[in-house]
Q: 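Could you have a look at this structure, given as structure tokens, before my questions?
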Amino acid sequence: MPSCGSQIILCEVPIRFDNYVGCSHGCKYCFVTRKADISQVKLGESTQALREFIAGKRTTDTQWCDWNIPLHWGGMSDPFQPAELQYRRSLDCLRIFAETQYPLIVSTKGTSVLSRPEYLELLRKCKAVVQVSMVSPRFDVLEPGAPTYHERLASLEKIAAASLRLIVRIQPYVREVKSDLLKYFQQYRNAGVYGVTIEGIKYFHKVRGMVKAGGDYVYPCSGLKEDFCQLRDEAHKNNLKFFCAENRLRKMGDDMCCCGISGLDGFRGNSANVVRFIHDRRNFKYTSHMTTCSSSSSCFKAICQNSVFSGLLPDKSFADIMELFLHDRKTVTAFMEETAAKQKN
């Protein structure tokens, strides 16, 4: 079944669907490799599980959501990686999305598969926002199993014509490629891209010039803000929307939801998250189900694995636990410190 992980406290669309386990793109920076060996690709969540979620069935970690929240397809593996040509599981999923008109956001580098006629024909019938991950041609050596940057660039026009919106996903951003991005924005616009979404790189280990944030080492805000201002101006100059997936700087984006779904009919995310509370408090809202359903807090289990939180989840609502993150600074500090320590071991 579609599941909800640690992004629940930060993300507007935290429920992900992965019909494959593992990924052959071999991206050297992939965060999933911190937790698992993803070199072997096999089938993941089934089409039956997808149908059941769309029909309203929920598991313990998605119990908090009682509406048709957009599914984030491809959160842990790429649905259009080369294995798809063998299994055709994603093609079957596209048929379901087209049939049910359920809203989705799909993230991929697999443009060589997605741009095939049979995939585009189905994609055109879906309520789909497509995010194509592509940073710079210099990243080709870091993504040995994926289509090259220029191969992805050549596919954008076809994919844009078949989707509700096409977003170029610039993640992870490194400051050395800023000049590359500035010269490609016009080509994105000409291909029909709606906007770009960007987030700075995160390192698991200490790196010179980086600062500690939670369990990661990241760019200081000042440097990113300087770059993002310039990139945002260039995006707007080319009639591209600019979305900021960097949680510390989310307000720099054209909308607080960095996936590019704002204003689309039927695409309603979850505004009850920490980032929205910090940057846009007047639009932070719980649903009535989040406050009254006593079993809706299980979605926090992925991040509440320390001694402070572990005893709090049973019989608590989504709102009960979220309020702790929002207002109990001491408890949250303890959580962050213990989580970071566990990640190092």
Side-chain angles (χ1 to χ4, degrees), residues 5-11 14 16 18 22-39 72 74-78 107-109 131-146 149 168-181 196-232 243-253 258-259 273-275 278 302-303 305-306 332-345:
S6 59
Q7 288 298 304
I8 184 62
I9 64 168
L10 301 170
C11 184
R16 66 175 186 265
D18 288 288
C23 186
S24 60
H25 291 330
C27 302
K28 305 301 183 185
Y29 52 79
C30 181
F31 73 95
V32 183
T33 59
R34 294 181 179 184
K35 301 177 180 180
D37 176 8
I38 62 171
S39 59
H72 203 138
M76 302 290 282
S77 68
D78 197 315
S107 297
T108 186
K109 294 184 178 80
Q131 297 180 342
V132 173
S133 296
M134 48 192 294
V135 178
S136 160
R138 288 191 253 182
F139 268 52
D140 286 349
V141 296
L142 302 175
E143 304 163 344
Y149 178 90
V168 168
R169 189 170 178 266
I170 306 167
Q171 298 178 30
Y173 171 75
V174 294
R175 299 192 69 188
E176 291 80 4
V177 303
K178 182 179 71 173
S179 59
D180 298 348
L181 299 181
V196 298
T197 183
I198 188 167
E199 181 181 23
I201 194 167
K202 298 176 182 178
Y203 291 100
F204 192 48
H205 53 83
K206 191 172 184 178
V207 176
R208 186 177 180 181
M210 299 291 184
V211 297
K212 188 99 180 290
D216 298 305
Y217 290 89
V218 298
Y219 284 118
C221 273
S222 57
L224 281 184
K225 190 171 184 179
E226 177 184 336
D227 287 4
F228 287 2
C229 281
Q230 190 174 355
L231 291 167
R232 182 179 61 187
F243 302 106
C244 188
E246 184 73 33
N247 294 321
R248 300 170 296 164
L249 299 172
R250 188 77 67 84
K251 205 170 184 179
M252 291 188 68
C258 59
C259 286
N273 61 74
V274 171
V275 175
I278 292 172
I303 52 176
Q305 297 179 3
N306 67 16
V332 175
T333 300
F335 155 71
M336 295 296 290
E337 290 176 349
E338 188 165 337
T339 299
K342 284 183 177 180
Q343 288 176 334
K344 289 182 179 179
N345 294 333

Q: Can you sort out the partners of Arg16 under side chain to side chain donor-acceptor pair (under 3.5 Å), two or more places apart, ordered by chain and number?
A: none

Q: Identify the two heavy atoms, one from Phe228 and one from Gly200, that lie closest to each other, and give their separation to 0.1 Å.
A: CZ-N, 4.4 Å

Q: What residues form a side chain to side chain contact (heavy atoms under 4.5 Å, CB included) with Val174, not counting sequence neighbours?
A: Phe139, Glu176, Val177, Ile201, Tyr219

Q: Out of curiosity, Cys258 SG to Leu10 CG, how far, rounded to the nearest 0.5 Å?
A: 10.0 Å

Q: Using 0.5 Å steps for rounding, measure from the CD atom of Glu246 to the OG1 atom of Thr197.
A: 10.5 Å

Q: Rounded to the nearest 0.5 Å, what's the gap from CD on Gln131 to CD1 on Ile170? Could you check?
A: 11.5 Å

Q: Hey, does the side chain of Arg232 reach the backbone of Met252 with a donor-acceptor pair shorter than 3.5 angstrom?
A: yes

Q: For Asn273 and Ile9: C-alpha separation, side-chain torsions, deciding distance, then whether side chain to side chain contact (heavy atoms under 4.5 Å, CB included) applies.
A: CA-CA 5 Å; Asn273 61 74; Ile9 64 168; 6.0 Å; no

Q: Do Lys109 and Asp78 meet the salt-bridge criterion of a basic N to acidic O distance under 4.0 Å?
A: no

Q: What are the two closest heavy atoms between Phe204 and Gly215, and how far apart are they?
A: CD1-O, 4.1 Å

Q: Please name the pair of heavy atoms, one in Ser39 and one in Asp37, separated by the smallest distance, quoted to 0.1 Å.
A: OG-OD1, 2.7 Å

Q: Nearest 0.5 Å please: distance from the CD atom of Glu143 over to the SG atom of Cys27.
A: 4.5 Å

Q: Counting only heavy atoms not in Lys178 (residues, nucleotides, ligands), do more than 12 fall under 6.0 Å from its NZ?
A: yes

Q: Could you tell me which non-hydrogen atom of Ser107 sits nearest to which non-hydrogen atom of His72, and how far apart they are?
A: OG-NE2, 2.9 Å

Q: So, for Leu249 and Leu224, which heavy atoms are closest and what is the spacing to 0.1 Å?
A: CD1-CB, 3.8 Å

Q: Measure the shortest side-chain to side-chain distance between Cys30 and Ile38 over non-hydrogen atoms and say whether it is less than 4.5 angstrom.
A: yes

Q: Can you measure from OG (Ser133) to NE2 (His25) and round to the nearest 0.5 angstrom?
A: 8.5 Å

Q: Can you name the nearest heavy-atom pair linking Asp18 to Met76, along with the distance?
A: OD1-N, 2.9 Å

Q: Rounded to the nearest 0.5 Å, what separation is found between the NZ atom of Lys202 and the CD atom of Gln171?
A: 8.5 Å

